[in-house]
Amino acid sequence: MNTFGIFLTIAVFYLFSKLYEKKRAFYLNPVMLSIIAIASILHLTGISYETYMESAKILSFFLGPAVVSLAIPLYKQREIIKEYSKQIFAGIVFGGTLAILSAFYIAKLLGGSESVLLSIAPKSITTAIAIGVSEKIGGIPALTAVLVILTGIFGNAIGIEMLNAFKIKDRVARGLAMGVTSHGLGTARIILDDELSGAVSGLAMALNGVFTSLILPYLLKLLQ
């Protein structure tokens with residue numbers, strides 16, 4: 001049982017990746033389908049999530065180095081990123097603020113309680129930061145974690161398709177959009193398509209996490 005989680009995760013993701021390669025449809029996104037499949041397998045077999053995670057912890061360990069490795073394309077594309085530094089900064093400020101306001105007001109229009117509003121506000125930043133921010137502003141960290149993951153899955157599944165549909169071809173703009181809105185999973189998707197876009201996405205993901213954590217408590221005071 002010690003390696004069950006590793007083999008299950010790799011096998012399921014490999015299967016759906018091959019399926020996605022044959023027909024590149026958003027509903028066949030391998031990340032989304034793998035999560036659904038693994039959750040279903042655990043439910044049907046009665047294996048607890050804790051047991052699964054314990055047997056797959058080596059994969060969680062490699063998540064850290066994988067994120068750090070985003071610095072490699074960032075370094076390689078540093079000259080272009082310097083050239084567009086003002087645009088990237090403006091995009092993070094505008095995009096990060098819009099991500100907060102859109103989530104907050106949509107949830108409010110749908111009748112969300114105050115705790116739900118506070119939990120959904122940081123949904124566009126990476127999980128580790130979002131949980132801490134949610135706890136600080138009075139949200140529900142567990143709910144925030146779920147919303148962050150769903151945001152990442154959604155961005156990974158249809159983010160590039162939406163950029164293509166709106167005919168956004170600029171590589172810096174594409175990376176900026178993915179990094180600000182769908183953090184790590186969005187970055188993982190777009191870096192496979194273009195190294196520059198991936199580098200910008202990784203940078204945007206990190207800077208948006210810092211920006212949101214600093215601005216959100218003060219912005220919520222104005223919204224409330």
Side-chain angles (χ1 to χ4, degrees), residues 1-74 119-120 122-135 139-160 178-179 181-193 195 198-199 201-206 208-209 212-213:
M1 200 66 171
N2 291 335
T3 58
F4 167 77
I6 297 174
F7 286 113
L8 175 64
T9 304
I10 294 175
V12 169
F13 185 75
Y14 177 80
L15 174 65
F16 287 124
S17 294
K18 289 297 181 182
L19 181 62
Y20 181 74
E21 287 177 6
K22 292 182 178 180
K23 185 179 180 180
R24 290 183 172 272
F26 74 91
Y27 53 81
L28 294 178
N29 180 266
V31 173
M32 178 177 64
L33 292 182
S34 294
I35 292 174
I36 295 172
I38 292 173
S40 300
I41 292 171
L42 295 182
H43 177 72
L44 292 173
T45 58
I47 299 172
S48 68
Y49 175 74
E50 290 74 16
T51 300
Y52 163 74
M53 281 303 297
E54 177 63 25
S55 63
K57 61 183 180 181
I58 187 65
L59 296 179
S60 297
F61 169 79
F62 281 117
L63 180 61
V67 173
V68 173
S69 69
L70 291 174
I72 297 174
L74 183 61
S119 301
I120 199 173
K123 55 90 181 166
S124 289
I125 56 177
T126 190
T127 309
I129 301 176
I131 290 174
V133 171
S134 177
E135 187 175 10
I140 306 170
L143 177 58
T144 298
V146 171
L147 293 169
V148 169
I149 293 170
L150 289 175
T151 300
I153 293 172
F154 185 76
N156 184 282
I158 68 169
I160 290 179
M178 290 292 281
T181 59
S182 49
H183 42 81
L185 286 174
T187 301
R189 171 75 190 282
I190 199 166
I191 201 170
L192 296 176
D193 286 11
E195 185 177 70
S201 183
L203 177 63
M205 173 185 71
N208 187 48
T212 300
S213 64

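Keep in mind that this is a model prediction, so the values were computed, not measured.
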Minimum heavy-atom separation for [X] to [Y], with atom names?
X	Y	value
Ala157	Arg189	O-NH1, 3.5 Å
Gly179	Thr187	CA-OG1, 4.2 Å
Leu192	Ala188	CG-O, 3.4 Å
Glu135	Pro141	CB-CG, 4.0 Å
Pro122	Ile125	O-CG1, 3.1 Å

- Message: If you apply the rule side-chain contact (heavy atoms from CB on, under 4.5 Å), what do you find for Leu42 with Ile38, and how did you get there?
- Response: CA-CA 6 Å; Leu42 295 182; Ile38 292 173; 4.2 Å; yes
Can you give each donor-acceptor pair under 3.5 Å made by side-chain atoms of residues 126-134, sequence neighbours left out, with the distance rounded to 0.1 Å?
residue: Ser134; atom: OG; partner: Ile140; partner atom: N; Å: 3.4
residue: Ser134; atom: OG; partner: Thr144; partner atom: OG1; Å: 2.7

- Item | Ser124: side-chain hydrogen bond (donor to acceptor under 3.5 Å, both in side chains) partners, not counting sequence neighbours | none
- Task: Apply side chain to side chain contact (heavy atoms under 4.5 Å, CB included) to Ser182 and list each qualifying residue two or more places apart in sequence or on a separate chain.
- Result: Met178
- Among all residues two or more places apart in sequence or in another chain, which pass the side chain to side chain contact (heavy atoms under 4.5 Å, CB included) test with Thr45? Ile41, Ile47
- Message: Just verifying a value: how many Å separate Lys123 NZ and Thr212 OG1, rounded to the nearest 0.5 Å?
- Response: 10.0 Å
- Atom OG1 of Thr181 and atom CG of Asn208: how far apart are they, to the nearest 0.5 Å? 9.0 Å
- Mind checking whether Ile160 and Ile190 have side chains closer than 4.5 Å, heavy atoms only? yes
- Query: Taking C-beta and beyond as the side chain, do Phe154 and Leu150 meet within less than 4.5 Å on heavy atoms?
  - Reply: no
Would you give me the side-chain donor-acceptor pairs under 3.5 Å for residues 21-35, sequence neighbours excluded?
residue: Lys23; atom: NZ; partner: Tyr27; partner atom: OH; Å: 3.0
residue: Asn29; atom: OD1; partner: Val31; partner atom: N; Å: 3.1
residue: Asn29; atom: OD1; partner: Met32; partner atom: N; Å: 3.0
residue: Asn29; atom: ND2; partner: Asn156; partner atom: O; Å: 3.3
residue: Asn29; atom: ND2; partner: Asn156; partner atom: OD1; Å: 2.7
residue: Ser34; atom: OG; partner: Pro30; partner atom: O; Å: 2.6

All N/O donor-acceptor pairs, side-chain side in residues 5-13, below 3.5 Å, sequence neighbours left out:
residue: Thr9; atom: OG1; partner: Gly5; partner atom: O; Å: 2.7
residue: Thr9; atom: OG1; partner: Tyr52; partner atom: OH; Å: 2.6

